[in-house]
Amino acid sequence: MSQSLWKNCTNRLADDLTAQQFNTWIRPLKTELEDNQLTIIAPNRFVLDWVSSKFKNKISTICNEVYETELLIKYSTEGENPRPEIINTNTDNSSPKLKDAQPSYPAANTRRREDSPSVLDQNRLNPNFTFDRFIEGKSNQLARAASMQVAENPGPAYNPLFIYGGVGLGKTHLMHAIGNYVLQQNPKAKIAYLHSQKFVQDMVKALQHNMINRFQTYYRSLNVLLIDDIQFFAGKERSQEEFFHTFNALLEGNQQVVMTCDRYPKEVNGLEERLKSRFGWGLTVAVEPPDLETRVAILMNKANQFDIAVPDEVCFFIAKRIRSNIRELEGTLKLLKANSQFTGKPITLEFTKASLKDLLSVQDKLVTIENIQKTVCDYFKLRVADLLSKKRSRSIARPRQIAMALAKSLTNHSLPEIGNAFGGRDHTTVLHACKKIKELRSTETKVEEDFNNIMRILTT
Amino acid sequence: MSDAVTLQLPLSLSLRDDASFENFYASIINKGVIAQIEKSVIADISEGSIYLWGAESAGKTHLLEAVCQSAAKLNLSAAYVPLKYSQDFKTSILDNLETCHLICIDDVDTIAGQDVWEQALFYLYNRAYERGAQMIFSATQNVKDSNIALADLVSRLGWGFVFHIQALSDDDKAAALQLRARLRGFDLPDKVVNYLLRRFPRDMSALFGLLEELDKASLTAKRKLTVPFVKQWFDDKENFLHS
């Protein structure tokens with residue numbers, strides 16, 4: 001009955017609204033009808049305010065016409081229990097009388113989908129992210145090994161474990177893998193995976209509803225806390241304070257904390273010093289962008305997961321072009337799969353080139369020699385003119401060699417073209433630079449790190 | 001009450017009230033993409049989000065509205081947020097949208113460079129992903145060209161299917177107009193279509209707007225749509241505007 005009543009009502013409302021207005025404000029509303037009471041549920045307060053201020057009377061009139069019996073209409077937002085109430089009559093033009101809403105955290109949320117229990121009942125672990133499905137390569141083997149150690153021996157081994165690196169490199173995967181492994185070994189373990197924003201959101205709600213004790217008890221009673229993207233704590237002092245205490249309580253209790261971040265802890269601006277310092281107490285490991293072989297392995301593995309046949313040469317073709325992160329590799333495979341299904345054609349090299357035309361032209365457009373020179377100069381705080389000059393001091397020559405090696409690696413220009421773009425140098429100079437940087441990358445950590453960082457900037 | 005009550009909402013400029021897949025003309029080049037979007041309402045969520053990009057008037061908004069309508073037909077909840085009007089909204093409009101089965105975010109690149117919106121969208125993406133809600137985004141630019149600064153958001157937008165809606169050729173535009181006319185219950189002769197395409201702005205929003213006006217005019221005048229009728233109508237309109 002609720003459905004047909006609401007359908008009738010929305011059909012009438014649709015006549016008064018543009019499609020865009022209808023889709024934005026009316027479409028996301030849900031309804032429940034019980035004992036002559038219709039509850040209209042908006043996803044959030046913003047939509048609720050708009051709908052109740054603009055359409056309260058109209059909705060009331062239509063519903064009462066359609067329902068034929070006097071109907072009490074209430075408005076609420078998703079998750080409120082009991083909901084804010086607007087006693088609705090056809091003639092009531094006064095402001096809505098909103099009762100204080102009870103907290104949706106941490107009480108069970110009656111409006112959520114049945115398959116989505118309250119935050120206290122779920123660990124939010126994605127069962128697909130396991131160690132088995134994590135493709136290991138040079139770029140991530142340390143992080144994987146540390147994660148495995150932590151999973152096998154949570155608490156004392158490395159606490160906290162701090163994993164940092166660029167977007168889409170598998171940090172979240174490793175976190176879930178730790179959680180899944182611990183849970184497999186000990187099904188009673190209390191584990192929570194959450195994004196730092198969720199921690200902030202839960203804390204704000206708990207403060208609003210005077211339930212901070214319950215919030216604290218919950219987080220401090222965990223065996224494993226997996227918290228993602230802690231850079232989003234930056235600038236949120238109250239959340240940092242709360243996290244600081246949660247963190248201390250867990251570590252004192254020998255419970256495991258794993259964190260991820262897009263950069264090294266000390267480099268996160270807007271984070272309190274005491275937090276930065278504590279984050280470094282355990283083990284800090286980096287995840288780098290995957291090398292070519294790892295990217296190929298990832299593509300082959302994903303193709304298998306997606307149940308599509310992708311020839312090796314196609315995997316190499318994509319892996320050579322898409323270097324920045326694993327999400328992008330995955331997105332590219334999905335596009336190929338979809339195109340192959342649309343057209344009924346098998347995935348061949350030619351088909352791949354045609355399908356990825358747009359994507360690859362963006363890649364090609366982004367990575368030019370000029371762009372590389374500018375990025376290298378920004379990174380090393382040099383002027384482009386210096387890079388192109390005859391100067392041979394180490395502080396200029398090394399960045400120049402890195403820029404040349406990147407130009408060879410990321411563009412399709414010939415060595416003479418690259419040499420020419422670097423102040424008219426000979427192609428043998430470029431060749432020498434490439435060899436030198438290859439050698440230094442395997443012997444000097446700093447060169448390897450600089451090269452990877454610039455590569456990431458250029459290809460993300 | 002919140003600021004929401006003071007909103008000045010934009011008027012729709014075209015015939016979108018009945019946006020559906022049936023009245024969307026899919027050129028051969030776009031057919032596969034349209035099919036994928038059409039099935040997205042019931043697709044396995046784990047396949048990922050959809051990012052549609054293409055020029056203005058390529059039909060992206062129509063497609064998002066059509067998906068919302070498909071969801072409604074299946075009694076599935078849907079949310080639609082046109083971010084080109086983000087200045088009229090607060091980011092709290094995105095709160096809890098993950099409770100809907102389908103979330104359509106139109107013109108996502110219009111908030112590029114606005115930290116608060118980029119973060120709010122990133123958080124929504126994470127919540128929706130965790131909850132298993134289907135997400136469809138539209139933009140005029142490819143993900144990498146969208147000028148969105150938050151790398152975390154960029155990488156997520158590019159994680160699912162990224163489809164390019166290609167602009168229609170003139171032949172396709174003619175076919176699209178004729179399809180729309182047919183669904184409105186009248187015939188649009190080739191000569192009239194060619195006339196319209198030669199004399200009027202050729203972006204699809206404008207052409208569909210023109211078609212609606214001509215439909216009303218021919219109904220009022222009780223005349224068939226012919227080239228002389230269109231010429232006369234246009235002259236009358238011009239004279240009226242300049243009188």
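To find a chain, count down the sequence lines: A is the first, B the second, and so on, and within it residues start at 1. Atoms considered below: every heavy atom in the structure, side chains included; atoms not considered: hydrogens, waters and symmetry mates.
The shortest side-chain heavy-atom distance between A:K30 and B:T99 falls under the 4.5 Å cut-off. Looking at heavy atoms from C-beta onward, A:K337 lies out of side-chain contact with B:F161 at the 4.5 angstrom threshold. A heavy-atom distance below 4.5 Å is not found between the side chains of B:Q119 and A:Q197. Contact of the A:T77 side chain with the B:N96 side chain is not registered, since no non-hydrogen atoms from C-beta on lie closer than 4.5 Å. The shortest distance between side-chain heavy atoms of A:W50 and B:I93 does not fall below 4.5 Å.
B:R127 touches chain A through its side chain: at least one heavy atom from C-beta onward sits under 4.5 Å away, while N, CA, C and O do not. Both the backbone and the side chain of B:V33 come within less than 4.5 Å of a heavy atom of chain A. In this structure, chain B has a heavy atom under 4.5 Å from the side chain of A:Q231, while its backbone stays farther away. With a threshold of 4.5 angstrom between heavy atoms, B:N126 approaches chain A through side-chain atoms but not through N, CA, C or O. Only the side chain of B:L150 comes within contact range of chain A, with at least one heavy atom under 4.5 Å from a heavy atom of that chain. With a 4.5 angstrom heavy-atom cutoff, A:N126 touches chain B only via side-chain atoms. For B:L94, the part lying under 4.5 angstrom from a heavy atom of chain A is the backbone only. Heavy atoms of A:D229 lying under 4.5 Å from chain B belong exclusively to its side chain.
In this structure, CH2 on B:W159 lies 10.5 Å from CG on A:N325, to the nearest 0.5 angstrom. With rounding to the nearest 0.5 angstrom, the CD atom of B:Q36 is 9.5 Å from the CG atom of A:L335. Distance check, rounded to the nearest 0.5 Å: OH of B:Y125 to NE2 of A:H195 gives 13.0 Å.
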Can you check ring pair (Phe, Tyr, Trp, His ring centres under 6.0 Å) on A:F232 and B:F122, steps first, answer last?
CA-CA 11 Å; A:F232 287 99; B:F122 170 59; 5.2 Å; yes
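Salt-bridge formation is not detected for the pair B:E130/A:K198: no Lys NZ or Arg NE/NH1/NH2 atom is positioned less than 4.0 Å from an Asp or Glu carboxylate oxygen.
The shortest non-hydrogen separation linking A:F46 to B:D88 is CZ-O, 3.9 Å.
Here A:R327 is the residue among A:Q201, A:Q341, A:R327, A:E330 with the most heavy-atom pairs under 4.5 Å with chain B. No other option in B:P82, B:C104, B:G158 has as many heavy-atom pairs under 4.5 Å with chain A as B:P82. Residue with the most contacts toward chain A among B:C68, B:A72, B:A79: B:C68 (heavy-atom pairs, distance under 4.5 Å).
With hydrogens and angles ignored, the 3.5 Å screen pairs a side-chain donor or acceptor of A:N44 with a backbone N or O of B:S92.
Under the 30°/60° scheme for interplanar angles, the aromatic rings of B:F89 and A:W25 are found to stand perpendicular.
A:Q20 and B:Y80 share a donor-acceptor pair across their side chains, judged by distance under 3.5 Å alone.
Around atom CG of A:D307, no more than 12 heavy atoms belonging to other residues, nucleotides or ligands sit under 6.0 Å away.
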